[in-house]
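I have placed the structure first, in the form of structure tokens, so that the comments after it can refer back to it.
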Protein chains: 2
Amino acid sequence: MIALLPSPVADVGCDPPIDSPSPSLTCPGELLQRLRAAESGRLGELSVPPLVLRVAMGSVVHLEGARVSSIHVVRSGAFKCVRMLEDGYEQVVSFAERADVLGFDGLCRGVHQTTAVALEDSTVYGLSVHEVNGLLQTSPELARALHSAVSRALVDAARIADMMAAVASETRLARFLVWCSDRALERGESPRRLHLRMGRRDIASLLGVAHETVSRCFSLLARDGVLQVENRDVEILDRAALVANSRGTRRNSDLAIRHRAAAA
Amino acid sequence: MIALLPSPVADVGCDPPIDSPSPSLTCPGELLQRLRAAESGRLGELSVPPLVLRVAMGSVVHLEGARVSSIHVVRSGAFKCVRMLEDGYEQVVSFAERADVLGFDGLCRGVHQTTAVALEDSTVYGLSVHEVNGLLQTSPELARALHSAVSRALVDAARIADMMAAVASETRLARFLVWCSDRALERGESPRRLHLRMGRRDIASLLGVAHETVSRCFSLLARDGVLQVENRDVEILDRAALVANSRGTRRNSDLAIRHRAAAA
DNA sequence: CGGCAATTTGAGTAGCGTCAATTATGGTGG
DNA sequence: CCACCATAATTGACGCTACTCAAATTGCCG
């Protein structure tokens with residue numbers, strides 16, 4: 001399932017040439033950049049080069065219920081994190097792409113809470129929990145970078161909640177696509193031409209709807225000229241219309257325009 | 001809105017006497033325990049006692065969109081984290097109680113992604129981001145404790161996704177109550193007698209249903225003898241039945257009993 | 001080329017959201 | 001202490017959306 005590379009191997013293919021030299025600001029993929037640098041010989045504060053693992057499409061990086069021995073950072077490719085519900089339904093909890101952290105949610109109980117499945121052939125950095133604890137002391141910058149990445153996971157969780165909270169399923173899909181577009185932009189890719197790595201079922205699971213409904217919504221948005229859909233390749237033709245669709249419609253009485261004067 | 005305490009003030013009331021001496025294992029509220037110890041004089045690795053803030057019910061600890069100057073750890077009381085959607089709907093993203101971390105999701109962009117509102121009179125520890133970065137180097141244990149707490153937030157996010165993903169709203173409420181029960185148990189309280197700190201609207205928002213539906217589901221579960229409901233005080237009369245209700249019902253064809261043989 | 005899975009489309013029904021009205025609760029001031 | 005108001009919570013009725021079951025089509029990999 002998981003092929004282990006010697007480590008500082010000059011690994012080829014698999015990742016597009018998007019190693020943009022973004023300045024030493026703070027956020028986007030600083031953690032990944034540092035790991036890449038270390039991999040290329042510039043070790044920085046790291047004592048040893050990071051471990052690189054190759055993960056074939058459909059195989060898993062870690063399994064729900066397994067003891068947490070290490071966490072991972074996506075180096076290339078894409079993953080879905082799923083939870084098996086009691087009735088056997090596979091609930092998709094998040095999607096992870098380059099620079100995202102996998103397995104951090106297992107730290108609090110020492111057991112992985114999700115299963116991370118590769119949606120395509122991918123590579124990840126493996127960091128043992130022991131390494132993590134040590135690294136954070138020796139390298140404040142690395143610590144900040146890791147915190148930033150974990151923070152991003154929390155933000156994504158909140159946005160996913162927003163998606164699932166929408167009343168109309170068309171709204172949910174629109175929000176999902178806007179989210180995908182935003183992420184593509186952050187990643188330096190086109191925010192208009194999206195290549196979805198996950199199937200309709202996975203999208204449906206994330207959004208909390210039936211996969212037929214996802215399919216129907218794609219068709220509707222395409223018929224209205226908002227999208228051009230060809231299987232997993234989606235082009236956003238009319239972003240304004242898509243955003244309009246992403247704006248939810250909740251009843252007036254549930255709105256929060258209710259300002260309570262706080263006592264002084 | 002926010003009253004600032006001198007700091008190592010012997011603060012009274014507000015928090016129940018649940019300072020159980022759980023051994024130095026790893027998980028549940030280690031971060032909080034360390035902060036409490038520091039507050040009581042036993043500074044440990046901290047150079048100064050932690051800052052304690054008092055937050056009145058209905059007021060906020062941090063506001064969505066504001067720059068992140070510090071994060072907070074709930075010392076007593078309860079909070080909801082909300083996001084304002086474009087249409088003015090207030091989406092509840094999570095509930096936080098004692099030992100939970102607030103504001104960590106803002107680190108990656110430097111701007112708070114949620115608004116944290118106190119559901120009752122509460123107190124929190126305030127940690128400036130500067131402090132956080134420094135502390136983690138000087139104290140590995142504190143770092144681990146923080147990571148554990150953040151990890152728990154990710155786990156909660158996944159469970160919330162599970163709740164929202166359920167088809168039937170009765171199932172969603174059942175899952176929510178099981179979750180509340182689990183948390184109460186972790187906290188050392190009774191898993192049967194729950195005192196919900198949030199209103200029906202907030203529950204409805206978290207579950208992605210109308211608040212009338214929440215009310216109806218409470219009534220149904222009460223009529224079936226599963227619960228005894230008196231406003232925000234809920235007693236679980238038949239946990240087995242509640243768990244049975246929490247088991248979702250998805251169509252067979254969407255189940256994930258589909259094992260693809262991975263190439264070797 | 002054949003088979004399996006993914007996707008799409010259709011039809012019927014159940015369940016939930018919306019609107020609306022009533023009751024309960026808690027806090028404030030007279 | 002009680003009356004009063006605002007908000008929260010409950011219950012009812014109705015329409016519409018999305019889930020379910022079902023079948024056809026496409027796409028993909030061996």
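Naming convention: chains lettered A, B, ... in sequence-line order (proteins, then strands); numbering from 1 in each chain.
Contact annotation: B:Ser215 does not reach the phosphate of D:dA9 (side-chain N/O to OP1 or OP2, under 4.0 Å). When the side-chain nitrogen and oxygen atoms of A:Ser219 are compared with OP1 and OP2 of C:dT8, none of them lie within a distance under 4.0 Å. In terms of phosphate contacts, B:Arg201 brings no side-chain nitrogen or oxygen within less than 4.0 Å of OP1 or OP2 of D:dT7. For the pair B:Arg216 and C:dC16, the criterion of a side-chain N or O lying under 4.0 Å from OP1 or OP2 is not met.
Checking D:dA18, D:dT20, C:dC16 against the side-chain heavy atoms of B:Val167 singles out D:dT20 as nearest. The side chain of A:Thr213 lies closest to D:dC19 when the candidates are D:dA9, D:dG27, D:dC19. Closest to the side chain of A:Val209, from the set D:dC19, C:dT25, C:dC16, is D:dC19.
Using a 4.0 Å heavy-atom distance criterion, A:Arg172 is classed as making no nucleic acid contact.
Enclosure of atom CD in B:Glu230 is not indicated, since only 12 or fewer non-hydrogen atoms of other residues, nucleotides or ligands lie within 6.0 angstrom.
Look at CG on A:Leu119: it is 12 Å from P on C:dA6, rounded to the nearest Å. As rounded to whole Å, 14 Å separates atom P of D:dT17 from atom CG of A:Asn245. Put simply, CG on B:Asp202 is 15 Å from P on D:dT7, counting in whole angstrom units. In this structure, B:Asp233 atom CG and D:dA9 atom P are separated by 12 Å, rounded to whole Å. Straight-line distance from the CG atom of A:Leu220 to the C1' atom of D:dA18: 12 Å, rounded to whole Å. A:Arg223 places its CZ atom 11 Å from the P atom of C:dT9, with the value rounded to the nearest Å. A straight line from CZ of A:Arg197 to P of C:dA6 spans 19 Å, rounded to a whole angstrom. Remark: P of C:dT23 and CZ of B:Arg200 are 19 Å apart, rounded to the nearest angstrom.
Going from atom CZ of A:Arg83 over to atom OG1 of A:Thr114 covers 8.0 Å, rounded to the nearest 0.5 Å.
Cation-pi geometry between B:Arg197 and B:Phe95 is not satisfied (NZ or CZ under 6.0 Å from the ring centre, within 45° of the ring normal).
Comparing A:His211 and B:Glu212 by the nucleotide of DNA chain D that holds the closest heavy atom to each, the one mapping nearer the 5' end is B:Glu212.
Using a cut-off of 4.0 Å between Lys/Arg side-chain N and Asp/Glu carboxylate O, A:Asp162 and A:Arg175 are scored as not salt-bridged. Here A:Asp100 pairs with A:Arg183 in a salt bridge; the nearest charged N to carboxylate O distance falls below 4.0 Å.
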